[in-house]
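Presented below is the structure to which this report refers.
Chain letters run A, B, ... following the sequence lines, proteins first, then strands; residues in each count from 1. What you are looking at is a predicted structure, and each value in this text was computed from that prediction instead of being measured. Values below: every heavy atom of this structure, side chains too, minus hydrogens, waters and symmetry copies.
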Amino acid sequence: MDKLTPSQWKVINKSYEPASTIKVIAGPGSGKTLTLLYKVLHLITVENIKPEEILIFSLTNKAVDSIIENLLSIFENSHTNKEIVHQIGCYTVHGLANRIVVENEGMINIIEEIGWRGLMKLLPPSKRTPHHFRSYKELEKVVKDYKLNNAKNNNPVIEKLVELMDNCKVMTNDDLIIRAKKYLELDSSDSDASSFTQDLHNKYKVVLIDEFQDLYPSLAPLITMICKGKQLIMFGDTNQSIYGFLGSNNEIMSQLDNLHPKNFTTVLKLFDNFRSTPEIISLASKIINRPLAEKQIIDDTDETPSELVRKLPSGVSPQIMTFDDLAAESEFIIDKITQLICSSAKFSDIAILSRTNSHLTAIASILKKYGIPYQKLKSQPDWMDDLRIQFLLDILKVCSLASDEKHNREFNTGDKWQSNFSILVTMSALKGIGDASIQALYKACGLKNLSIWKYLTMVPNFEWPLGLSIKKKMENYTSNLYEMIENDQVHQLDDPMELLEKVASITNNLNLNPTYFQSLSDAQSSLEFKTHLQEMAQVMKVSKSNKPPGISFVKWFLETYFDQTMVFHQSQQALQTTGPGTVKLSTIHSAKGLEFPIVFLTNGSMSNFPMDTNALYVGITRARNLLYMCNMKHERLVSKSSPYSRSIMSNNLFWTYYNKDLNRSVCDVKVTHGYNVQRYNQLRKNFGFYRAYSSLRGCKSVFRRI
DNA sequence: CGGTGAGAACTTTTT
DNA sequence: GTTCTCACCG
């Protein structure tokens, strides 16, 4: 604990007081996380706050994971019981909202791409009307606008969609926040046993918010409600605000700033930068147009209100480069990685950050080609965003929900058919089913006051307002699902594998629209689907093993698969840390809060729109020692370095600095230099650098020998 | 029917 | 910053 600086101590020692606010402004590398952790420790050990009275918020799953991980290690070091960490509430804002809503109304549906596309089928087909959308995202926007100023705009079509969403418990993420707030208001005090919702009112005394610059206006109602009257401690840095596309950060911040009276509000700053080299910091300062920090300090007593550089110059400046195409860019990256590895860097020191996920996927396939071990830093596993898998899950939902509703067939309990949404979504994905058929069918169901499933199974097909070929397709749909729903098979199938097999075979029998799903005949995509299926099956098995009695497996799985997947995914990622290490791949957005000794920032040469200043700033400040930038289009960035420079390999001074910075042994840097160059040339020859890109095959396994 | 200018989308996250 | 669409004009 003696490592802490005076400004960090100031934050930690600020005493506990109900209904007060501490706002900590903390630049990159200023030890924000460390300060937050010691603040928690201080609250518990000195201020006598119980761990279960502390609530920690962040926006991304990754941030939450890293906080929990760090808490565990810090409590272990301070000889306190590690168990108390698990009593501290640590959530993403949405995770907490989800918990509140599910506690109050059971299984809900978060709408995504397939869902929106299904809803689009219910819109009138006429062009040149306000209801003609180019993509589902436009519909998403219109629905959002509609909800925002509800009464004002009188739009019957959208109104009906919203009604359908309500009936089927389909929500957007913004809805989740609003609902959660509603339940918090409702609950207020009286009710019975202790629930999660009530705990938020009564139990917590201190709320810590990590990365406050990431908050956006639609979160405000819930957050202010939770924080009011408690001690609010928030950490952040407005220069790193990269979620502007979700709404203004200033708006919610002014609400939070005014939550408690002025004289109960303290603003503190953490100045120092312990992370990056002066070379990197000066580039970062240039990007955000901040005066350069010249002062370098060595002793801890000094405190000046400007950024202070803690590290000595490394002698190596960031490299800024432009490439014409992906091939040239990736060749540079591979070559550079080879050089670094042949000096004293490890794979695990290197991170490649990109602005888009798609570019990241492209990079990943290139690394794979060369046999360079890599790991995608994603909070969700790949299979979760495979549309084909999502379709399977929707089929499962149809079966489960329709089967439940079957029992109230005679007693019409109003018009809330929760299965309707999933049915619409899955039917819309069928080949040859167009908007008109869906709408005609939906209207007919409305007239009879039946759910779509009941209509299709009870009303004789000559009454259906559909063409002959469409009728056939609908019958194919129902007959495929009939056994599962009407014979309750979906609830009886207790074995995950059998269930999955059944659903997969149903899907196979349905003739799906290829615009929704890339053709399965494509060998690579079919292989991908297979791996995703296997990964999903694994989670199903885990889910089966912890299923409580008295609930069918499908229901349990559908209600919990998201959480279970996350837990499973995290444990898998943790396992991969052994071995020669891996190059980390991540979007800049997900890399927030992390740091790496060596960072490559890349931006596919195809995507032309310029880099957002703050995102670039975040990317640059992830780097401790070395920084390479490819195709970063930004006005204050001038491309200069030669791409094929190999000077880094012979820069002994730098590698000594580097190893010292990472607390590694430095003795053998000089001795091995000759050998390093030899090794590099060997690898280069194996890879066939500077030849046509397409000839670079069979390069696998070269790196495995390292 | 073809040319032109205006405006929007592209991307990043949350269960 | 580039690319596409749509309304409008001659």
Side-chain angles (χ1 to χ4, degrees), chain A residues 57-64 91-103 105 107-113 115 127-130 132-142 144 169-180 211 213-219 222-223 240-247 249 322 353-361 377-381 384-385 390 393 558-567 569 586-593 601-619 631-635 637:
Chain A
F57 266 137
S58 194
L59 205 79
T60 63
N61 289 303
K62 203 170 296 157
V64 168
Y91 303 94
T92 62
V93 183
H94 289 89
L96 181 121
N98 187 54
R99 241 186 109 164
I100 295 172
V101 175
V102 169
E103 183 177 88
E105 61 181 289
M107 187 178 107
I108 55 161
N109 234 323
I110 305 287
I111 187 165
E112 294 194 84
E113 184 178 335
K127 281 193 168 191
R128 289 163 202 275
T129 67
H132 175 65
F133 300 103
R134 252 188 313 268
S135 76
Y136 73 94
K137 286 189 178 167
E138 285 181 29
L139 173 63
E140 196 178 342
K141 226 165 116 186
V142 170
K144 195 180 163 187
K169 294 188 189 174
V170 173
M171 291 174 208
T172 64
N173 282 296
D174 282 347
D175 293 338
L176 198 61
I177 303 290
I178 294 164
R179 294 263 176 136
E211 315 268 26
Q213 77 280 0
D214 293 343
L215 302 175
Y216 44 90
S218 58
L219 304 177
L222 181 65
I223 292 187
Q240 293 185 60
S241 167
I242 51 177
Y243 289 92
F245 62 96
L246 295 171
N249 177 241
T322 319
L353 308 182
S354 161
R355 194 163 40 94
T356 66
N357 280 308
S358 65
H359 185 230
L360 222 49
T361 316
L377 296 182
K378 281 183 76 183
S379 50
Q380 281 186 19
M384 294 264 298
D385 39 45
Q390 285 176 25
L393 287 168
L558 287 175
E559 268 172 38
T560 60
Y561 78 88
F562 198 94
D563 292 331
Q564 304 225 23
T565 304
M566 301 298 271
V567 173
H569 182 62
S586 168
T587 59
I588 292 177
H589 283 77
S590 320
K592 179 116 76 102
L601 289 179
T602 83
N603 185 14
S605 52
M606 293 305 153
S607 50
N608 287 316
F609 53 107
M611 199 67 198
D612 173 64
T613 299
N614 284 350
L616 183 56
Y617 178 74
V618 170
N631 295 326
M632 293 283 110
K633 298 195 171 75
H634 191 274
E635 49 182 6
L637 218 50

query = For A:F57 and B:dT13, what is the distance between atoms CZ and C1' respectively, to the nearest whole Å?
reply = 16 Å
d(OH, A:Y216; P, B:dT12) in whole Å = 15 Å
ask   = Checking all strands, does A:L59 fall into the base, sugar-phosphate, or nothing category for heavy-atom contacts under 4.0 angstrom?
value = sugar-phosphate
What's touching nucleotides 7-11 of chain B from the protein side, N or O pairs under 3.5 Å?
from	atom 1	to	atom 2	distance (Å)
B:dA9	OP2	A:K141	NZ	3.3

ask   = When the distance from CD of A:Q213 to C1' of B:dT13 is rounded to whole Å, what number comes out?
value = 14 Å
note = Hits for side chain to side chain donor-acceptor pair (under 3.5 Å) against A:T60, two or more places apart or cross-chain, chain-then-number order -> none
task = Determine whether A:M171 and A:V101 make a side-chain contact, defined as any pair of heavy atoms from C-beta on separated by less than 4.5 Å.
result = yes
Intermediate values then yes/no, side chain to side chain donor-acceptor pair (under 3.5 Å), A:S241 and A:N249 = CA-CA 8 Å; A:S241 167; A:N249 177 241; 4.7 Å; no
ask   = Atom CD of A:E113 to atom P of B:dT15: distance rounded to whole Å?
value = 18 Å
query = Does a side-chain heavy-atom distance below 4.5 Å link A:M384 with A:K378?
reply = no
inquiry  = Within the 4.0 Å heavy-atom criterion, would you say A:N61 contacts the bases, only the backbone, or no part of the nucleic acid?
reply    = sugar-phosphate
ask   = Quick one: A:K592 NZ to B:dT14 C1', roughly how many Å, whole number?
value = 13 Å
query = To the nearest 0.5 Å, how far apart are CG in A:L96 and CG in A:L222?
reply = 6.5 Å
remark   = Value for CG (A:L558) from CE (A:M107), rounded to nearest 0.5 Å, stands at 5.5 Å
ask   = Can you tell me how far P of B:dT14 sits from CD1 of A:I100, to the nearest Å?
value = 19 Å
task = Give one of base, sugar-phosphate or nothing for A:N98, where a contact means two heavy atoms less than 4.0 Å apart.
result = sugar-phosphate
message = Categorize A:F562 for me: base, sugar-phosphate, or nothing, with a 4.0 angstrom heavy-atom threshold over every strand shown.
response = base
task = Provide, to the nearest angstrom, the distance between the CZ atom belonging to A:R179 and the C1' atom belonging to B:dT14.
result = 17 Å
ask   = Would you say A:S590 reaches B:dT13's phosphate, i.e. side-chain N/O to OP1/OP2 under 4.0 Å?
value = yes
request  = Mind calculating the distance between CE (A:M384) and P (B:dT13) to the nearest angstrom?
outcome  = 14 Å
request  = Sticking with atom P, work out how far B:dT13 lies from C:dT3, rounded to a whole angstrom.
outcome  = 25 Å
message = Please determine whether side-chain contact (heavy atoms from CB on, under 4.5 Å) holds for the pair A:N98 and A:T92, giving the CA-CA distance in whole Å, both sets of side-chain angles, and the decisive distance to 0.1 Å.
response = CA-CA 10 Å; A:N98 187 54; A:T92 62; over 6 Å; no
